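Below is one structure; the comments refer to it alone.
Just so you know, these numbers use all the heavy atoms, side chains as well, and skip hydrogens, waters and symmetry mates. This structure is a prediction, so every number in the text was calculated from the model and none was measured. Proteins get letters first, then strands, A, B, ... in listed order; numbering begins at 1 in each.
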Amino acid sequence: MVSVASISPVPALANPAPRKPNRPENLTVNLASTEEWLVSSLSLSRAPFEVDGLYAIAIKTGFVHRDRVLSLLLLRYPSPSSSLLVLRSLFSSPDSPFPFNSLLSSFSRSGSHLPALLAYSILRSLSVPIDRSTLPPVLRSATFLSSIAVGLDAHSLALKTGFASRLPVATALVRFYCSLGLPALARNIFDRCHPRDFILWNTTIAGLVQCHELEAARNLFDQMPPTDRNIASWNTMVDMYCNKLGDVVEARKMFDEIPTRDSVSWNVMISGYARMGDCSSARALFDSMFERDVVSWNAIISCYVQNGFFSGALELFRMMLREDKIKPDEVTITSVLQACTHMGALNLGQWLHVYIRRQRIPMDLQVTTALVDMYGRCGSIEDAQRVFAQAKKRDSFLCGTMVDILAMHGMADEAFRVFDFMKSHGMKPNDVTIVGLLKACGHIGLVDDGLELFNTMEEKFGLSPKLEHYGCMVDLLGKAGQLNDALELIMGMPMEPSPVLWSSLLSACKIHGESVLAEKVGYHLLELEPSSSGNYILLSNVYSNARRFEEAAMVRKLMKEKDVVKKPGCSSIEVGNQIHEFLAGDRDHPRSREIYEMLQMVATRVEQAGYNYKQYLSSEEEGGRQGRMHHSEKLALAFGLMSTEDGSTIRIMKNLRVCDDCHLFLKLASAVYGRKVVVRDCHRFHHFVNGLCSCLDYW
DNA sequence: CTAGGGTTAG
């Protein structure tokens with residue numbers, strides 16, 4: 001069956017925001033590098049006179065207001081009183097009394113948490129009298145930075161001064177202790193505080209939920225005087241049932257009980273359904289909303305994405321643009337980009353990239369990561385690298401994504417370069433980073449590097465190997481022909497080996513013609529996963545490779561007996577704004593006749609170039625030449641050749657691994673037609689150029 | 001005080 005998933009027409013970019021006047025590029029660069037220079041100089045210098053000089057520069061350039069610069073200045077100054085001078089300099093009128101409190105609260109409010117805490121510590125060590133409005137912002141920043149020391153100091157000061165019973169202070173303390181996972185202490189503060197306002201009630205309830213004290217939270221909600229109970233209290237409860245208990249039925253009951261619902265209530269409930277995978281209930285609720293805000297749209301779009309309904313998500317996005325009431329924001333874009341990633345919709349992804357720039361949607365880390373991932377997984381590694389190189393900020397998440405997609409493209413050197421970048425910038429590699437690197441090793445056969453990394457990840461990075469890492473290693477060793485090492489690794493694992501590991505070993509056996517080991521592994525696997533078609537196919541292919549045709553037929557028979565249906569190969573290609581899908585041998589595409597004619601022509605030309613369908617006896621099709629000739633990627637290729645511009649790159653996405661036959665076919669076709677063909681299979685990318693593949697036939 | 005978003009083995 002062919003479905004032509006419509007993901008467009010993409011609306012024209014109607015109202016591009018006016019372009020900012022072009023700022024001279026080098027000015028930006030210079031200023032940015034001045035800030036970097038200040039930061040690194042401040043980190044290095046110790047002598048007071050040097051700090052004085054840097055301080056003067058920071059004031060002149062205005063960078064004294066930047067968090068990192070300010071924090072370092074406060075840290076570098078040797079005495080509290082000299083740091084006080086730095087703080088004073090932030091205010092334009094030196095004659096007026098120094099407004100500590102507004103300073104602190106403006107730090108805290110603007111997210112400059114570290115400077116806020118440093119300023120507070122300086123004031124404390126100077127014994128400057130502190131009034132009650134100082135404490136909430138400080139506690140806020142202490143909460144944000146999980147700074148136990150400052151929080152405790154603020155608490156003890158609050159007790160000494162009697163401010164602890166003031167509502168804003170008590171509320172801030174409750175929040176602080178809950179964020180540390182100490183609900184008992186928070187509860188203690190709550191119990192002693194009289195009278196209470198609804199903010200204290202709500203904060204405490206939400207804090208208890210956060211600490212998984214769900215019953216206590218519910219009890220408190222029930223005890224809350226009905227006059228204090230506001231919409232936030234209700235929403236917290238609905239959210240608790242949705243997200244902490246996964247009980248949408250109870251959540252819905254409460255939702256229906258809410259006297260007057262606001263948009264948050266609706267959005268909480270929608271995302272509750274989303275989390276449970278109940279897209280239709282989420283959609284029903286969404287459709288019945290009176291007024292949707294951007295969060296409602298984001299909730300429903302991400303619901304579709306997270307539950308695998310990618311074209312539905314794009315459909316909703318189009319609807320959102322068409323209604324033109326709510327402007328998509330960076331959250332919307334992140335979700336929509338993910339949908340593109342999964343569908344391989346590069347054109348739409350590119351359109352979104354332009355949209356981001358024209359609409360000045362903030363390119364935060366999440367958007368950047370989603371964009372890099374989209375380009376990488378849609379086959380345009382160059383664009384992914386460009387976005388990564390131009391990113392203003394990079395965290396280990398973004399770097400991990402970059403490592404992973406470079407690995408998928410078989411670019412191990414570049415992946416390790418990103419890894420070096422991470423280490424040199426103080427980022428801790430996590431599980432995913434290591435998985436990416438091991439994948440990179442596996443894709444080009446770097447056995448020693450992979451082993452080295454795997455064996456030292458624990459001592460070097462404190463990461464104990466997980467199932468995924470073992471999976472990478474089995475694949476790495478197996479593909480390299482070290483089948484016994486791979487087997488030993490599986491046998492010695494501290495955890496239960498998943499079926500995937502065995503099937504990975506089995507496919508390594510297939511590559512290396514190890515039919516004896518394959519037999520053992522294969523039947524073990526069939527016991528573990530009797531309904532997974534891939535294992536039968538794999539084992540049967542190993543047999544026919546070894547010319548043990550009877551046994552191969554037996555495996556096929558076994559598969560039939562168990563009613564296991566072969567998972568059909570499926571390839572898709574984006575042409576214009578549509579994704580065209582092809583299953584092996586199917587004729588449902590509207591232009592099917594032309595496609596098959598085209599394929600016939602391609603085959604003739606490719607055969608002249610040396611393709612011979614008999615070359616791979618192992619190929620799983622009983623259908624012989626015809627079966628293989630109609631593999632989905634060949635259909636997609638034929639369609640791509642006839643419906644895209646001469647010389648342009650053809651990008652194909654496939655759900656299964658490319659078979660040997662198609663691999664050869666695509667190599668030759670790339671040469672014959674002078675086209676770059678990029679194929680994403682379920683493991684990695686193949687870039688076919690001029691008769692060669694980027695995987696070097698190692699896959 | 002309450003709601004929406006980023007990477008993971010074959």
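The environment of NZ in A:K567 is sparse: at most 12 heavy-atom neighbours from other residues, nucleotides or ligands sit within 6.0 Å.
Judged by distance alone with a 3.5 Å cut-off, a donor-acceptor contact links the side chain of A:D364 to the base of B:dG5. Under 3.5 Å, the side chain of A:S296 and the base of B:dA3 form no donor-acceptor pair of N or O atoms. In the interface, the side chain of A:T369 is paired with the base of B:dG6 through a donor and an acceptor atom under 3.5 Å apart. The base of B:dT2 sits with one of its N or O atoms less than 3.5 Å from a complementary donor or acceptor on the side chain of A:N235.
Of all nucleotides listed (B:dG6, B:dC1, B:dA3), B:dA3 comes nearest to the side chain of A:V264. Nearest to the side chain of A:D293, among B:dA3, B:dG10, B:dC1, sits B:dA3. Side-chain proximity of A:I199 to the nucleotides B:dT2, B:dC1, B:dA3 is greatest for B:dC1. Candidate nucleotides B:dG6, B:dG5, B:dG10 were compared by shortest atom distance to the side chain of A:D395, and B:dG6 ranks first. Set against B:dA9, B:dT2, B:dT7, the side chain of A:V435 has B:dA9 as its closest nucleotide. Closest approach to the A:T334 side chain among B:dA9, B:dG5, B:dA3 is made by B:dG5 (side chain taken as heavy atoms from C-beta onward). Residue A:V331 has its side chain nearest to B:dG5 when only B:dG5, B:dA3, B:dT8 are considered. Proximity note for A:E330 (side chain, C-beta onward) versus B:dG6, B:dA9, B:dG5: the nearest is B:dG5. For A:A206, taking side-chain heavy atoms from C-beta onward, the closest of the listed nucleotides B:dT2, B:dT7, B:dG5 is B:dT2.
Taking 4.0 angstrom as the limit, A:Q366 places none of its side-chain polar atoms (N or O) nearer than this to OP1 or OP2 of B:dT7. A close approach under 4.0 Å does occur between a side-chain nitrogen or oxygen of A:R377 and OP1 or OP2 of B:dT8. For the OP1/OP2 pair of B:dC1 and a distance below 4.0 Å, the side-chain nitrogens and oxygens of A:Q210 include no atom meeting the criterion. OP1 or OP2 of B:dC1 has at least one side-chain nitrogen or oxygen of A:R175 nearer than 4.0 Å. At B:dG6, one or more side-chain N or O atoms of A:Q338 fall inside 4.0 Å of OP1 or OP2 (strictly under the cut-off). Look at A:S302 and you'll find a side-chain N or O under 4.0 angstrom from OP1 or OP2 of B:dG5.
A donor-acceptor pair is defined here as one N or O able to donate and one able to accept, closer than 3.5 Å; such a pair exists between the side chain of A:N455 and the backbone of A:L451.
The pair A:R187-A:E213 does not count as a salt bridge, with every side-chain nitrogen at least 4.0 angstrom from each carboxylate oxygen.
Relative ring orientation between A:H663 and A:W699 is described as parallel, the plane-to-plane angle staying below 30° on a 0-90° scale split at 30° and 60°.
Geometrically, A:R261 engages A:F255 in a cation-pi contact defined by less than 6.0 Å to the ring centre and at most 45° from the axis.
As rounded to whole Å, 14 Å separates atom P of B:dT8 from atom NE2 of A:H683.
Aromatic stacking of A:F397 on B:dG6: satisfied, with centres closer than 5.5 Å and planes within an angle under 30 degrees.
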